[in-house]
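Heads up: the structure comes next, in structure tokens.
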There are 2 protein chains.
Amino acid sequence: MTTLRARQKNDRRKRIVAEAKTLFRRDGYDKTTIENIAEAAGVSGVTVHNYYGTKAGVLLALVIENDALLIDKLEKSLPRDANDIVELTLHFARGVMDHAIAHLDKQIWRQVIAAVTVEANSRLSKAYFQLDHQLAYVLVQRLEGMQKAGRLPVDVDVEHLGKALFHLQNARFIQFISSDDRTEDEIETRLRNDLTALLSAGGRRT
Amino acid sequence: MTTLRARQKNDRRKRIVAEAKTLFRRDGYDKTTIENIAEAAGVSGVTVHNYYGTKAGVLLALVIENDALLIDKLEKSLPRDANDIVELTLHFARGVMDHAIAHLDKQIWRQVIAAVTVEANSRLSKAYFQLDHQLAYVLVQRLEGMQKAGRLPVDVDVEHLGKALFHLQNARFIQFISSDDRTEDEIETRLRNDLTALLSAGGRRT
DNA sequence: CAAAATTTTTTATTGAATAAAATTTTTCGC
DNA sequence: GCGAAAAATTTTATTCAATAAAAAATTTTG
């Protein structure tokens, strides 16, 4: 049995997040005030604070919703028969960037990254990192597939490899959003350079 | 000829940054107010704003000062005769973490990362990224040395490799400061795992 | 239906950030 | 050196995020 109280709370949460997304997209993060969001959602400003702690908290909540979709999307779109690590990772990186830009602009993504860093121990940040982890695992799974198909040396630890690739991709993603005029192509090139350099540096296989 | 005005301005800058460092370290970032800093430095709060824009701006200014020292330190301490990439990078990472912790605590470093992300286009953030770039180049130089000494395949692009290694190290550094109880050893292990996985995944050299 | 429990709203305060006006200090030509 | 002009700081005022405590409203439960 869901009590009335629980349902109302849920409704308010939904309204707050939905209205926040609309306002953030329309007016930008800075120009949207907590009061604006509260008014649009039909609650008081303090209630927004009670629910999400900070303005960035509201932002994180909506990003987390969207990112859950990204995982599904990547799980479907990431090729299972990739020939090499580079192409796999670049495909992954494209998926992440496309998805990000489709939902929020760079200025707002910078706020997201800042928020999960400063409030790294908050409930919402942990949820965010949890999703990052799942995202990295999509990559790990594909690498396992490649290893089984003999396209990757058997002595490679695919879990470590997947996480490393994810980190690299993430670093470049942050670079992508950190400047308004850095293009996806530019970032793709850099990531490709990272990967080819690293992979070619291993050398001397027996 | 340095005018009196220029000298006074310089003095004020120095006082603000020095007092801010003392206060941030003693009371923490959040509990230190701009007014506290201003009072300690003998100026008005608005002057601090005029000089550095934001509280985070003051923090960045002092971090930039310290990071210049880090570059010198690493340039000296990073071994020129490293046998492999892994040991070189781990040494580098240690240097960065040790230096960071020696100057400010993790909570404050989180503010630094957040600040350079949100205000990615500000003067101070650009200066910060510039130092990051120089830092990465210390690594690049060592790699060049290794390549010349025949400890690295000649077809490896050391500039790309150095930047990639730096990014990876940086990602792990951010992870290091993101939780108060993550140790340097723990991070070293993770970075080692990243590197060995990536380097072993390259394979099939002719 | 009424008391108890829960939640939201109201009210108030602190501090960052920003802008404009007022004041002080330095500079520079004479 | 003096005084006007220029430059910088301080004062004053405002908006908004964040937080806390008290008050009010609503739901739950016996």
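Sequence lines set the chain letters: A, B, ... in the order given, protein chains first and strands last, and positions in each chain run from 1.
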From [atom1] of [X] over to [atom2] of [N], roughly how many Å is that when rounded to an integer?
X: B/Asn50; N: C/dT18; atom1: CG; atom2: C1'; result: 10 Å
X: A/Lys9; N: D/dT28; atom1: NZ; atom2: P; result: 12 Å
X: A/Tyr29; N: C/dA17; atom1: OH; atom2: P; result: 13 Å
X: B/Ile16; N: D/dT9; atom1: CD1; atom2: C1'; result: 11 Å
X: B/Leu23; N: C/dA16; atom1: CG; atom2: P; result: 12 Å
X: A/Leu59; N: D/dA17; atom1: CG; atom2: C1'; result: 15 Å
X: B/Asp11; N: C/dT26; atom1: CG; atom2: P; result: 12 Å
X: A/Arg15; N: C/dT8; atom1: CZ; atom2: C1'; result: 12 Å

> When you check the side-chain N and O atoms of B/Gln175 and B/Arg172, is any donor under 3.5 Å from an acceptor?
Replying inline: yes

Phosphate OP1/OP2 of [N] contacted by [X] side-chain N/O (<4.0 Å):
X: A/Ser44; N: C/dT8; result: no
X: B/Gln8; N: C/dT26; result: yes
X: A/Arg12; N: C/dT7; result: no
X: A/Thr54; N: D/dA17; result: no
X: A/Thr3; N: D/dT28; result: yes
X: A/Lys55; N: D/dA18; result: no

> Between A/Tyr29 and A/Phe24, what is the ring plane arrangement, given parallel below 30°, perpendicular above 60°, and tilted in between?
Replying inline: tilted

>> Using the rule side-chain contact (heavy atoms from CB on, under 4.5 Å), only one of A/Val118, A/Thr117, A/Leu60, A/Ile64 pairs with A/Ser125; which is it?
In response: A/Leu60

>> Heavy atoms from C-beta onward define the side chain here; which of D/dC16, D/dT12, D/dA18 lies closest to that of A/Ile34?
In response: D/dA18

>> What's the closest nucleotide to the side chain of B/His49 if the choices are C/dT8, D/dA18, C/dT18?
In response: C/dT18

> At under 4.0 Å between heavy atoms, what does B/Tyr51 touch on the DNA or RNA strands: base, sugar-phosphate, or nothing?
Replying inline: sugar-phosphate

>> For a quick check of understanding: with a heavy-atom distance under 4.0 Å over all strands, which category does B/Gly45 fall into, base, sugar-phosphate or nothing?
In response: nothing

> Are there more than 12 heavy atoms of other residues, nucleotides or ligands under 6.0 Å from atom CD of A/Glu39?
Replying inline: no

>> Run the salt bridge (Lys or Arg N to Asp or Glu O under 4.0 Å) test on A/Arg192 and A/Glu87 for me, step by step, so that the C-alpha distance in whole Å, both residues' side-chain angles and the decisive distance to 0.1 Å come before the verdict.
In response: CA-CA 8 Å; A/Arg192 171 176 277 123; A/Glu87 292 313 316; 3.4 Å; yes

